[in-house]
2 protein chains.
Amino acid sequence: MGDVYKALADPTRRLILDELAERDGQSLFELCGRLAMRHDVTSSRQAITQHIAVLEEAGLVSVRRSGRTRIHHLHTEPLREIVERWLTARED
Amino acid sequence: MGDVYKALADPTRRLILDELAERDGQSLFELCGRLAMRHDVTSSRQAITQHIAVLEEAGLVSVRRSGRTRIHHLHTEPLREIVERWLTARED
DNA sequence: ATCATATGCAAGTAACTACTTGCATATCAA
DNA sequence: TTGATATGCAAGTAGTTACTTGCATATGAT
């Protein structure tokens with residue numbers, strides 16, 4: 001399993017999470033389009049694919065195939081690790 | 001102001017935050033020692049200094065001088081951005 | 001003043017990361 | 001099948017990052 005923190009380190013990847021948070025279940029094509037239109041992401045489709053792969057390895061995004069289309073879903077659970085690590089008072 | 005996400009991307013920097021979370025107000029020397037002893041961090045003092053600089057730019061650590069000693073303090077507030085960005089339901 | 005302690009600065013390097021380009025594959029419709 | 005759509009794979013490259021080494025500075029104690 002990949003590194004959640006490293007996955008968040010790139011601004012484009014964070015925008016991908018933003019996009020999926022606003023509209024879950026987008027295809028790759030849809031994502032690329034909306035990232036370009038609404039967030040001024042000029043990267044190529046391949047670049048986006050590679051970013052999504054990193055997010056997937058971190059457990060933040062899951063991919064499901066439907067015909068010739070990839071559908072992407074957001075999973076925020078891995079982010080809770082951050083909260084629990086430093087934002088929660090611990091008793092030891 | 002630096003990037004909180006990039007600051008968290010490095011495992012050694014996260015251990016520094018862990019250390020300060022457990023014992024706030026450590027000096028550089030103290031930090032280096034405890035990182036080596038308790039977390040098997042083999043990096044040089046300079047490496048640690050550079051990591052702290054990144055954490056400082058991200059607002060996660062503040063440094064105060066006391067004589068020939070640097071005292072480090074943890075600040076978790078910047079981490080709340082992460083929570084509010086994806087872990088909080090938004091209404092728009 | 002002298003010496004050890006605690007830290008600062010800077011250049012160099014190896015590894016990693018994001019990105020691109022070019023081509024390949026697969027699905028759907030007509 | 002043929003063509004267009006949607007995505008996959010892989011090699012190459014520029015820029016970044018973490019790290020080290022060597023030397024400099026500054027504080028505190030004797």
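Only heavy atoms go into these numbers, but all of them, side chains included; no hydrogens, no water, no symmetry mates.
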Inset, instruction - For the pair A:Arg38 and A:Asp18, find out whether any cationic side-chain nitrogen is under 4.0 Å from an anionic carboxylate oxygen. - result: no
Legend entry - Whole-Å distance separating the CD1 atom of B:Ile48 from the P atom of D:dT17: 18 Å
Inset, instruction - Could you state the atom-to-atom distance from NE2 of A:His72 to C1' of D:dA6 in whole Å? - result: 11 Å
Legend entry - B:Arg13 side chain vs B:Leu8 backbone, donor-acceptor pair below 3.5 Å: no
Inset, instruction - May I have the distance from A:Ile71 (atom CD1) to D:dT7 (atom P), rounded to whole angstrom? - result: 8 Å
Inset, instruction - Tell me whether the OP1 or OP2 atom of D:dG8 has a side-chain N or O from A:Arg45 closer than 4.0 Å. - result: no
Legend entry - Given DNA chain C, 5'-ward residue of the pair B:Phe29 and A:Thr42, judged by closest heavy atom: B:Phe29
Inset, instruction - Select one nucleotide: of D:dT20, C:dC19, D:dG8, the one nearest the side-chain heavy atoms of A:Gln50. - result: C:dC19
Inset, instruction - Check every atom of D:dA6, C:dA6, C:dT7 against the side chain of A:Arg68 and return the nucleotide holding the closest atom. - result: D:dA6
Legend entry - B:Arg64 side chain to B:Gly25 backbone, donor-acceptor under 3.5 Å: no
Legend entry - B:Arg70 side chain reached by B:Ile52 side chain, heavy atoms, under 4.5 Å: yes
Legend entry - Distance in angstrom units between A:Gln46 CD and C:dA24 C1', rounded: 12 Å
Legend entry - Rounded distance (Å) that lies between atom C1' of D:dG15 and atom NZ of B:Lys6: 11 Å
Inset, instruction - Tell me whether the OP1 or OP2 atom of D:dC19 has a side-chain N or O from B:Arg13 closer than 4.0 Å. - result: no
Legend entry - Whole-Å gap separating P (C:dC19) and CD1 (A:Ile16): 9 Å
Inset, instruction - May I ask you to verify if any side-chain N or O of A:Ser44 is less than 4.0 angstrom from the OP1 or OP2 atom of C:dT20? - result: yes
Inset, instruction - Go through D:dT7, C:dC19, C:dT17 for me and flag the one nearest to the A:His51 side chain. - result: C:dC19
Inset, instruction - Using a heavy-atom cut-off of under 4.0 Å over every strand shown, decide if A:Thr69 touches base, sugar-phosphate, or nothing. - result: sugar-phosphate
Legend entry - Closest approach of B:Ala58 to B:Ala7 (non-hydrogen atoms, all atoms of both residues): CB-CB, 3.7 Å
Legend entry - Protein-nucleotide distance (A:Arg65, atom CZ; C:dC28, atom P), rounded to Å: 10 Å
Inset, instruction - In whole angstrom, give the distance that lies between atom CG of B:Asp3 and atom C1' of C:dT17. - result: 15 Å
Legend entry - Residue B:Ser43, side-chain heavy atoms: nucleotide from D:dT27, C:dT7, D:dC19 that is nearest: D:dC19
